[in-house]
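Next up is a structure, given as structure tokens.
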Amino acid sequence: MLDATTRSGGTATATPRATATDLAAPLPPAPATGFASRCARVLLSPWSRLSLLVLLLGTAASLMLALEPQRLLTDGWPAQLGGAAAVVAYAVAYGVCTVAFVPRPLLNLAAGALFGSQLGLGAALGGTVLGAGLAFCLGRALGQEALRPLLRGRWLKAADDQLSRHGFRSMLAARLFPGIPFAASNYCAAVSRMGLLPFLLATALGSIPNTAAYVVAGARASTPTSPAFLIALACIAVPGLAGAVVAWRKRHQLRAR
């Protein structure tokens with residue numbers, strides 16, 4: 001009867017079948033999903049990742065201050081470790097310490113004092129490459145996207161272009177040139193578009209002379225009048241003095257411009 005009235009021009013009414021169809025219509029997505037996606041975008045944003053990097057580095061530096069790794073020079077290596085295991089463990093600890101801004105000269109001296117010239121050099125170079133790689137990967141993953149838009153100054157753009165185009169030779173020069181902070185060069189390379197493999201290779205090759213000088217000095221510290229110790233001191237002092245002179249002249253040239 002209802003269907004007949006509708007066909008004859010009566011008032012249309014909703015049938016039970018139409019009502020069920022309306023109730024079966026898809027519901028809008030729950031607001032919780034949108035909130036979760038917004039939270040994920042905020043947490044994974046470039047500035048959030050940069051903040052995480054700063055927090056990690058600050059925590060690592062604080063731990064190093066509390067643990068006082070320089071005590072290795074006075075207390076010696078733990079008796080539980082010896083041989084190749086001790087060298088590998090020291091290389092790993094060396095790498096972690098450099099990420100936490102512990103000065104490399106101190107670690108190189110300790111490597112020579114603990115393991116001698118040859119094993120100490122191997123441990124120090126291994127730790128140098130490991131620490132550089134860890135810092136590079138952290139900076140690339142957590143800091144590059146946030147910091148690259150800040151490279152607006154002429155000198156910053158020039159440095160970034162040099163590292164991005166000529167990464168290997170630029171990093172090799174930075175490792176050979178005394179006075180350039182190890183951690184700063186790691187994170188500068190990470191912000192640039194330099195590749196990881198050229199960075200590690202340049203670090204390994206360029207770090208050999210300076211690292212060897214400190215390791216030999218640490219190994220021969222008990223005989224400060226020996227020729228090896230004096231040569232090592234000369235290899236440390238002469239490049240450092242030359243680097244200071246070059247930096248002083250460059251500074252005055254920049255001022256003159």
Side-chain angles (χ1 to χ4, degrees), residues 44-58 60-61 95 97-105 107-108 125 127-211 213-214 235-257:
L44 296 177
S45 66
W47 286 103
S48 295
R49 283 181 285 157
L50 180 62
S51 301
L52 177 60
L53 176 61
V54 173
L55 178 63
L56 288 175
L57 295 181
C97 287
T98 57
V99 176
F101 306 106
V102 176
R104 285 183 63 246
L107 297 171
N108 292 333
L125 284 178
T128 297
V129 176
L130 175 62
L134 288 175
F136 184 93
C137 292
L138 283 173
R140 179 62 57 88
L142 300 178
Q144 185 191 44
E145 193 173 351
L147 294 177
R148 281 201 65 81
L150 303 180
L151 301 177
R152 298 174 182 174
R154 184 177 63 174
W155 296 110
L156 290 176
K157 287 183 178 180
D160 174 66
D161 184 69
Q162 182 70 20
L163 285 172
S164 299
R165 291 175 178 267
H166 311 288
F168 175 79
R169 70 184 187 188
S170 300
M171 187 52 56
L172 183 64
R175 298 307 189 199
L176 290 171
F177 189 80
I180 297 180
F182 182 73
S185 59
N186 292 337
Y187 292 110
C188 287
V191 174
S192 73
R193 293 188 173 91
M194 182 181 182
L196 176 60
L197 185 59
F199 170 79
L200 293 178
L201 185 59
T203 297
L205 294 177
S207 300
I208 292 176
N210 182 266
T211 303
Y214 276 99
C235 291
I236 295 171
V238 172
L241 180 61
V245 172
V246 171
W248 182 78
R249 294 185 61 181
K250 290 292 184 182
R251 179 184 177 187
H252 281 270
Q253 289 177 3
L254 292 175
R255 283 185 174 181
R257 293 180 184 178

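It should be emphasised that the depicted structure is a prediction, and the values quoted were computed from it without experimental measurement.
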Quiz item: Within a strict 4.5 Å, meaning less than it, do heavy atoms of the Val102 and Phe182 side chains meet?
Solution: no
Exercise. Examine distances only and state if a side-chain atom of Arg140 and a backbone atom of Ala135 form a donor-acceptor pair shorter than 3.5 Å.
Key: no
Quiz item: What pairs with Arg193 under salt bridge (charged side-chain N to carboxylate O under 4.0 Å, His left out), at least two apart in sequence or on another chain?
Solution: none
Quiz prompt | Given Leu176, Asn108, Leu172, Thr128, the one that forms side chain to side chain contact (heavy atoms under 4.5 Å, CB included) with Ser207 | solution = Thr128
Exercise. Return the minimal non-hydrogen interatomic distance between Asp160 and Val191, and the atom names on each side.
Key: OD1-O, 4.4 Å
Self-check item: Qualifying residues under side-chain contact (heavy atoms from CB on, under 4.5 Å), relative to Leu142, sequence neighbours excluded
Solution: Arg49, Leu52, Leu53, Leu56, Leu138
Practice problem: Might you point out which heavy atoms bring Cys137 and Leu196 nearest each other, and give the distance in Å? | Solution: SG-CD2, 4.3 Å
Quiz item: Does Thr211 have any side chain to side chain donor-acceptor pair (under 3.5 Å) partners at least two apart in sequence or in another chain, and if so, which?
Solution: Arg104
Quiz prompt | Nearest heavy atoms of Gly206 and Pro209, plus distance in Å | solution = O-CD, 3.6 Å
Self-check item: CG on Asn186 to CG on Leu134, rounded to 0.5 Å
Solution: 9.5 Å
Quiz item: Looking only at heavy atoms, which two atoms of Ala213 and Ile236 are closest? And how far apart?
Solution: CB-CG1, 3.7 Å
Exercise. Please identify each residue that fulfils side chain to side chain donor-acceptor pair (under 3.5 Å) with Ser185, with sequence neighbours left out.
Key: Arg175
Practice problem: Only counting residues at least two apart or in another chain, list the ones meeting ring-ring contact (aromatic ring centres under 6.0 Å, His included) with Phe199. | Solution: Phe136
Practice problem: Kindly say whether Gly139 contributes a backbone atom to a donor-acceptor pair with the side chain of Gln144 at under 3.5 angstrom? | Solution: no
Practice problem: Mind listing the closest non-hydrogen atom pair of Met171 and Thr203 along with its distance? | Solution: CG-OG1, 4.2 Å
Practice problem: Could you tell me which residues satisfy side-chain contact (heavy atoms from CB on, under 4.5 Å) with Ser170, sequence neighbours excluded, listed by chain and number? | Solution: Gln162, Leu163, His166
Exercise. Applying salt bridge (charged side-chain N to carboxylate O under 4.0 Å, His left out), name anything that partners Arg169, two or more places apart in sequence or on another chain.
Key: none
Quiz item: Under the side-chain contact (heavy atoms from CB on, under 4.5 Å) test, which residues partner Ala204, sequence neighbours left out?
Solution: Val129
Quiz item: Under the side chain to side chain donor-acceptor pair (under 3.5 Å) test, which residues partner Arg165, sequence neighbours left out?
Solution: Asp161
Quiz prompt | Exercise: identify the closest heavy-atom pair between Pro198 and Phe168 | solution = O-CD1, 3.6 Å
Practice problem: Find the distance between CG (Leu205) and CG (Leu125) and round it off to the nearest 0.5 Å. | Solution: 10.0 Å
Quiz item: For Pro103, which residues count as a side-chain contact (heavy atoms from CB on, under 4.5 Å) partner, sequence neighbours excluded?
Solution: Pro105
